[in-house]
Amino acid sequence: FPKTRRATPKIMAKLSKEFKGAKFVCAHFGGMYMWEDVLSYLAGQSVYLDTSMCAGYMDRELAVRIVNKHGADNILYGSDLPWGGAKENIDFVQQFRLSTSDTEKILGQNALRILKESGYAIQE
């Protein structure tokens, strides 16, 4: 994949302010290999970050710092299958050592909440 950057953490932070109320999901914890910028510009903004393709690439401690600043309610589980494995990404989230409640939010409850808020009929 070319390393062309079109949706950097700084750009996404700006867009989230310009389009208040829009739901943005920023893949790869807000920016693959740009996690210090995620911490500086995007964490705490009105966006969702997903965990896709972070296992094996992202430092766990940095991930925890982002989750703590951004809030577990705004993190979504993602795997980016087939490039990233589902189990590896679940294990990565569990290594954050968050409360059971926050881990469950990230691994599925947040996605269910967003879908329900968007009007999708969800059977549980």
Side-chain angles (χ1 to χ4, degrees):
F1 298 98
K3 292 196 177 197
T4 304
R5 308 281 190 197
R6 292 190 177 95
T8 66
K10 192 172 185 178
I11 289 170
M12 294 310 299
K14 181 180 178 192
L15 288 173
S16 74
K17 291 174 185 171
E18 288 183 24
F19 296 95
K20 291 192 185 302
K23 286 185 171 54
F24 290 97
V25 178
C26 303
H28 315 301
F29 243 93
M32 193 71 173
Y33 302 118
M34 295 182 283
W35 298 302
E36 288 292 343
D37 285 351
V38 170
L39 195 56
S40 295
Y41 300 109
L42 201 52
Q45 299 299 318
S46 182
V47 299
Y48 295 98
L49 308 177
D50 83 16
T51 66
S52 63
M53 281 298 294
C54 291
Y57 297 95
M58 184 179 194
D59 177 74
R60 182 190 73 82
E61 293 303 321
L62 182 54
V64 171
R65 287 174 52 210
I66 292 171
V67 171
N68 287 337
K69 183 174 179 182
H70 196 59
D73 289 340
N74 302 305
I75 309 290
L76 303 170
Y77 165 78
S79 68
D80 218 357
L81 196 65
W83 298 278
K87 181 180 182 336
E88 291 82 6
N89 281 284
I90 290 170
D91 291 347
F92 181 63
V93 170
Q94 290 174 333
Q95 291 170 10
F96 298 169
R97 296 185 197 110
L98 303 172
S99 68
T100 300
S101 172
D102 282 349
T103 299
E104 289 174 351
K105 287 176 185 178
I106 293 171
L107 292 178
Q109 289 177 356
N110 290 338
L112 283 173
R113 184 189 78 243
I114 293 166
L115 289 170
K116 286 178 184 177
E117 290 171 358
S118 298
Y120 289 92
I122 305 295
Q123 291 183 342
E124 295 185 47

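Side chains included, hydrogens not; waters and symmetry mates left out as well; all remaining heavy atoms used. All residue numbers in this chain count up from 1 along the given sequence.
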Please check if Ile11 and Val25 belong to a single hydrophobic cluster, counting links between Ile, Leu, Val, Met, Phe, Trp and Tyr side chain heavy atoms closer than 4.5 Å. no
Which atom pair, heavy atoms only, marks the closest approach of Thr51 to Tyr77? OG1-CA, 3.5 Å
Apply the side chain to side chain contact (heavy atoms under 4.5 Å, CB included) test between Cys26 and each candidate in Leu42, Leu15, Val38; give the one that qualifies. Leu42
Test side-chain contact (heavy atoms from CB on, under 4.5 Å) on Val67 and Asp102; report intermediate values, then the result. CA-CA 10 Å; Val67 171; Asp102 282 349; over 6 Å; no
In terms of heavy-atom contacts, Asn110 and Ile75 come closest through ND2-O, 2.8 Å
Quick one: CD on Glu36 to CE on Met34, what's the gap to the nearest 0.5 Å? 12.5 Å
Between Gln45 and Ser16, what is the shortest heavy-atom contact and its length? CB-OG, 3.9 Å
Listing request: all ring-ring contact (aromatic ring centres under 6.0 Å, His included) pairs with a residue in residues 89-122, at least two apart in sequence or in separate chains. Phe92-Phe96
With no hydrogens and no angle check, is any side-chain donor or acceptor of Arg113 less than 3.5 Å from a backbone partner on Lys105? no
Could you tell me whether a side-chain N or O of Asp80 sits under 3.5 Å from a main-chain N or O of Trp83, the two making a donor and an acceptor? no
Note: Ile66 and Trp35 closest approach over all heavy atoms is CD1-O, 3.7 Å
Taking side chain to side chain donor-acceptor pair (under 3.5 Å) as the test, write out the residues that go with Asp50, two or more places apart. Ser52
Between Glu18 and Lys14, which heavy-atom pair has the shortest distance, and what is it? OE2-CE, 2.8 Å
Can you get from Val93 to Met53 by hopping between Ile, Leu, Val, Met, Phe, Trp and Tyr side chains that sit under 4.5 Å apart? yes
Work out which heavy atom in Ser79 is nearest to a heavy atom in Ala86; give both atom names and the distance. CB-CA, 3.8 Å
Does the distance from a Lys or Arg side-chain N to an Asp or Glu carboxylate O, for Glu61 and Arg65, drop under 4.0 Å? no
Keeping the roles fixed (side chain from Lys69, backbone from Leu39), state whether a donor-acceptor pair exists under 3.5 Å. yes
